[in-house]
Amino acid sequence: MAVNQAYGVPQGYDIFSTYNGLVALGYCRKYGISIEDYDRGMFELCRTRRLHGSLNPKANIQETLEDRAAAKGFTDAFDYWRSDAHNPFVAWPSRLLSLVTTADGASAMVLTRADLARGGKSQPVEFKGFGISYSDLPWYGEDPTHWEFDRRAIDAAFGMASIGPADIDYLHTHDCSHISGLCTAETIGYLPPGGGLDAARAGRLRFDGDRPMSTHGGRHAFGHAWGASAGSDTYEAVLQMRGKAGARQIPSPPEISVIHTHGYAMIGTVVVLGGL
Amino acid sequence: MQDVAEQPSAIRWYYEGLGQNVFRAVSCRSCGKLTFPPTGCCEHCGSWEVEGVELSGEATLLYATHNITPACHPRFETIAPYVYGHLRLREGPIVQAIILGVEARPESLRALFERGPVPVKAETLTMEDLPVIAFRLAG
Ligand SMILES: [Zn+2]
């Protein structure tokens, strides 16, 4: 891993601690959320992501969490979730099924001038804005839920596109850590601060909820092919905007989509897409 | 290459100190802030006018988690799974490092989380090939 060659990995850095466990603890303490409620919220978020994966023929995991639990002999999927044998704490209090699924893959996209895009075979979308910002370890200060470099990338992209959080119809945040992905959605203003877990439990993050996120299944169910993922996240947003996402189609196709991704070391990138 | 002068290395200087239980940062002459671990220029304002300082090693542990996956580097296989924490040094910088004095089990980590922030003290872990900074719970 290329994370801070001088001091990161040589001194014991590990992604699951930094990206999951410590962020989870910061989130719980900041918002007064119990470890039990955190666990339940993470279960519901995983359930949503795997539901989306089950509706996506290209997802690496197409089995719902409920089907997985039943296949392992559990009648209650939450009992399966809390089973240390099936779903251990990888970086307490974060469990294995809140994490990324590695995949091979490739993605590509075509960009052209707006006047050339009209009249093409596919409905074009407009690339309205972008922002990019970099950081070094430990990525956040005293508050593990606030990532300043993401804030800067978000502000740059939203400023260029002249949008605000209330304009977003579909959001993807980098979610190879489910809790980090929720924190980013809260930083963006798509979800209220400290409200991400409740939104997951209420089904609001589903494709048919009022705050749809990661409808391809996200890093956990769709899978993560590193450099190719930002392209597949964008592809999903474009499918949704065209109304061509099949069984997981957002009922009212989004007009404004925001795609946030992390690249290693750490880079935050935000892209805003809109109707042309 | 006789005409190439060796530049001072902040990284080598840090590890030489760590090997002797001395914890080093650089202080910025332009903005006054500390950069830890040390680099050649200030991480806050970009100034190259930095000078070495010694840290107390005293810190507050804010959060501690663990990791059950294979060690991130073979040098840690002898101590894995270990506890990894988010800390604030007495001098200000936020740091993440290995934590000693608490077991890498969910029950122990939960008890520690419920205590809230606790004082810790830096010490050097002497691994086979490299000194590593760690922080031990006081008491
Ligand atoms: Zn400075």
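Order of the sequence lines fixes the chain letters, A, B, ..., with proteins taken first and strands second; residue numbering starts at 1 for each chain. What's counted below: heavy atoms across the whole structure, side chains too, no hydrogens, waters or symmetry copies.
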- Message: Checking the side chain of B/His86 only, and the main-chain atoms of A/Asp143 only, is there a donor and an acceptor separated by less than 3.5 Å?
- Response: no
- Any side-chain heavy-atom pair of A/Pro138 and B/Ile94 under 4.5 Å: yes
- Query: How many angstroms lie between atom CD1 of B/Ile98 and atom OH of A/Tyr13, to the nearest 0.5 angstrom?
  - Reply: 13.5 Å
- Query: Got B/Tyr63 and A/Pro144 here, is their nearest side-chain heavy-atom distance under 4.5 Å?
  - Reply: yes
- Using a heavy-atom cutoff of under 4.5 Å, enumerate the residues of residues 17-32 of chain A that contact chain B, numbered in order, or state 'none'. A/Ser17, A/Thr18, A/Gly21, A/Leu22, A/Leu25, A/Gly26, A/Cys28, A/Arg29
- Give, as side chain, backbone, both or neither, the part of B/Leu109 having an atom under 4.5 angstrom from any heavy atom of chain A. both
- Just wondering, are more than 12 heavy atoms of other shown residues or ligands nearer than 6.0 Å to CZ in A/Arg152? no
- Item | Segment of B/Phe76 engaging chain A (4.5 angstrom heavy-atom cut-off) | side chain
- Item | Separation of A/Ile35 CD1 from B/Phe113 CZ (nearest 0.5 Å) | 5.0 Å
- Message: Please check: side-chain N/O of B/Arg88 versus main-chain N/O of A/Glu142, any donor-acceptor pairing under 3.5 Å?
- Response: no
- Quick one: does B/Glu107's side chain get under 4.5 Å of A/Trp92's, heavy atoms only? no
- Counting only heavy atoms closer than 4.5 Å, note whether B/Arg105 contacts chain A via side chain, backbone, both or neither. neither
- Query: Going by heavy atoms in the side chains, are A/Phe16 and B/Thr65 under 4.5 Å from each other?
  - Reply: no
- Task: With a 4.5 Å cut-off on heavy-atom pairs, point out which of B/Ala97, B/Ala80, B/Ala64, B/Ala71 contacts chain A the most.
- Result: B/Ala64
- Task: Specify which of B/Gly116, B/Pro93, B/Ala104 makes the most heavy-atom pairs with chain A at under 4.5 Å.
- Result: B/Gly116
- Task: Let me know if B/Pro81 has heavy atoms under 4.5 Å from chain A in its side chain, its backbone, both or neither.
- Result: neither
- Item | Per-residue contacts, residues 15-51 of chain B versus chain A, heavy atoms under 4.5 Å | B/Tyr15, B/Leu18, B/Pro37, B/Pro38
- Message: With a sphere of 6.0 Å drawn around CZ of A/Phe74, does it hold more than 12 non-hydrogen atoms of other residues, nucleotides or ligands?
- Response: yes
- Item | Side chain to side chain, B/Ile68 and A/Phe89, heavy atoms closer than 4.5 Å | no
- Task: Return yes when atom CG of A/Asp104 has more than 12 non-hydrogen atoms of other residues, nucleotides or ligands closer than 6.0 Å, and no otherwise.
- Result: no
- Which heavy-atom pair separates B/Cys72 from A/Asp14 by the least distance, and what is that distance? CB-OD2, 3.5 Å
